[in-house]
Trainee: 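One structure coming up, written as structure tokens, with questions to follow.
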Amino acid sequence: MRLTRYFLPVLKENPAEAQIVSHRYMLRAGMIKQQAAGIYSWLPLGLRVLRRIEAIVHEEQERAGHILMPTLQPADLWRESGRYDDYGQEMLRIKDRQEREMLYGPTNEEMITDIFRAHVTSYKDLPLTLYHIQWKFRDEMRPRFGVMRGREFLMKDGYNFDVDRDAALHAYNRHMVSYLRTYERMGLTAIPMRAASGPIGGDNTHEFLVLAQTGESEVFYDDRVTALKLGQREIDYDDRAQVAEVCREFTTLYARTDETHDQAVFDQVPEAHRKVGRGIEVGQIFYFGTKYSESMGAEVTTAEGHKVPVEMGSHGIGVSRLLGAIIEASHDDKGIIWPEGVTPFPVGIVNLKQGDAAADAACEGLYKALAAKGLEALYDDRDERAGAKFATMDLIGLPWRITVGPRGLANGVVELTSRRTGVSEEVSPEAAVARIAAIYAGVR
RNA sequence: CGGAGCGUAGCGCAGUCUGGUAGCGCACCUGCUUCGGGAGCAGGGGGUCGGAGGUUCGAAUCCUCUCGCUCCGACCA
């Protein structure tokens, strides 16, 4: 993408309404535009990152069935589970022209149960997991922090259906592991913490927290959990013992939110590892058994011929919120530093002397060579001074930058710079392309 | 929803107390010079002051109502 043809309305000054760093940078980097309290338009750069995060979520859902449920739901479905009255003012209630009561979905347990009961009646069709990524609306009393606490937000929510409790708990564990992988691919350390279930219900639930000063939850943890990594290990999601072992590894050390914190247990953590901090919640998994299947009549026939309410769980990832969480976890005083997994463009090309025949040709060559490797660079071809181009690149946070100028070209080299470390090296254009391709070979 | 504050040019702000017909920086446009970390000089365009009503010879400024946004608190992916 050539910057002269790209809609990237960057701001030099901080918008007054933005209080935290991720919100400020998202506005300054031209990623989002607020339309009402907690409701945002996604501009090209922001949308690209949102789509990258979605892509990773999709890829990690592997065999789960991808569906799409509507944003608007009939109120009657929620009357069946009893949540129409329980959910309160946070639920946006609407009437259509026929005076039918509708709501803008804050979550989809009722609807997925309705889909399930219409089509599944036998244990032979289990286990089943269905998920979608859809906009949700929760009419927060106080939206804030940009996309971290918006009213409209994009969420991946999945639902598993199993024949018995053991199978459902395996589904729970499977999702815990897949979520760990998902966050790691985004360059995040998200710690599973024992949590409270809230309006979803159920007795087994973990939240995934990214540690950050600006987090909304107070967290208590043994800091050795932050060193745990899934890495490249092979995992067979059908292997109950292996999946359970990974979960045990990640949930044994103390890690809880204030809702479930137990000071007596926490005191047993060695003092050197005992940490209190704040975290951003980026996902949650639930096992809630037959809460919805019983109230809504979602039953399956077992091998023995009995009808039983299906065992269920649900799992969510705050897709739009993750943009904010990633920025909170990865930035400096110049701007954002995107992890390779979610960056809007893999690399930026800065032409220091637009209009110089050699510089222009070298940039075009790099741009095409990268494209040939499937890497779309953001080429700053504006007639701007070097400082302005560097400032823009630093702000929008592309992890790699290739700087092209007459001075280097005279020696046959361009500069390859890491946004994260600031380290530059002078290499031939061909070598720069090869390096970038190698870096992203393991990422996309 | 309770408490506090703010709406003046695309963005950041001054002017409001002490009414007299709107200003600064950035951005934008033109020209010249500059050109490896948000350039300099000169010239220029743009707002009727969130909205409605009222007081007054006269309202961004005073009064009433209203809409929106932000911050603190209670709730949440």
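To find a chain, count down the sequence lines: A is the first, B the second, and so on, and within it residues start at 1. These numbers come from a predicted model, not from an experiment.
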Trainee: Choosing from B:rG38, B:rG36, B:rC76, which nucleotide comes nearest the side chain of A:Glu140?
Mentor: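 Side chain of A:Glu140 sits closest to B:rC76.
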Trainee: Measure from the side chain of A:Gln34, starting at C-beta and using heavy atoms only, and say which of B:rC75, B:rU70, B:rC76 lies closest.
Mentor: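 Comparing B:rC75, B:rU70, B:rC76 against the side chain of A:Gln34, the answer is B:rU70.
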Trainee: Could you tell me the separation between the CD atom of A:Gln19 and the C1' atom of B:rG73, rounded to a whole number of Å?
Mentor: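 My rounded result for the distance is 16 Å.
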Trainee: If I take atom CG in residue A:Asn14 and atom P in nucleotide B:rC11, what distance separates them, rounded to the nearest angstrom?
Mentor: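 Nearest whole value for this atom pair: 14 Å.
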Trainee: By the 4.0 Å heavy-atom rule, please label A:Gly405 as base, sugar-phosphate, or nothing.
Mentor: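 A:Gly405: base contact, heavy atoms under 4.0 Å.
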Trainee: Any base atoms under 4.0 Å from A:Gly335, or only sugar-phosphate, or nothing? Heavy atoms, all strands.
Mentor: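 The answer is nothing, as A:Gly335 stays clear of every strand by at least 4.0 Å.
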Trainee: Could you state the atom-to-atom distance from CD of A:Glu218 to P of B:rC75 in whole Å?
Mentor: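 Value for this atom pair: 14 Å.
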Trainee: Of the listed nucleotides (B:rG25, B:rG37, B:rC69), which one gets closest to any side-chain atom of A:Glu13?
Mentor: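 Of B:rG25, B:rG37, B:rC69, B:rG25 is nearest to the side chain of A:Glu13.
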Trainee: Nearest whole angstrom, please: distance from the P of B:rG36 to the CD of A:Gln354.
Mentor: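 Those two atoms, CD and P, are 14 Å apart.
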Trainee: When the distance from CG of A:Asp333 to P of B:rG38 is rounded to whole Å, what number comes out?
Mentor: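 These atoms are roughly 14 Å apart.
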Trainee: Nearest whole Å is fine: how far is B:rC1 C1' from A:Asp139 CG?
Mentor: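 Between C1' of B:rC1 and CG of A:Asp139: 12 Å.
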Trainee: To the nearest Å, how far apart are A:Lys12 NZ and B:rC13 P?
Mentor: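 To the nearest whole Å, that distance equals 17 Å.
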Trainee: Taking atom P of B:rC26 as reference, at what distance in whole Å does atom CZ of A:Arg28 sit?
Mentor: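 So the CZ-P distance, A:Arg28 to B:rC26, works out to 16 Å.
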Trainee: Output yes when at least one side-chain N/O atom of A:Arg385 is less than 4.0 Å from OP1 or OP2 of B:rA39, else no.
Mentor: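 A:Arg385 to B:rA39 OP1/OP2: side-chain N or O found under 4.0 Å.
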Trainee: With a non-hydrogen cut-off below 4.0 angstrom, is A:Gln89 in contact with a base, only sugar-phosphate, or nothing?
Mentor: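 No contact at all - A:Gln89 keeps every heavy atom at 4.0 Å or more from the nucleic acid.
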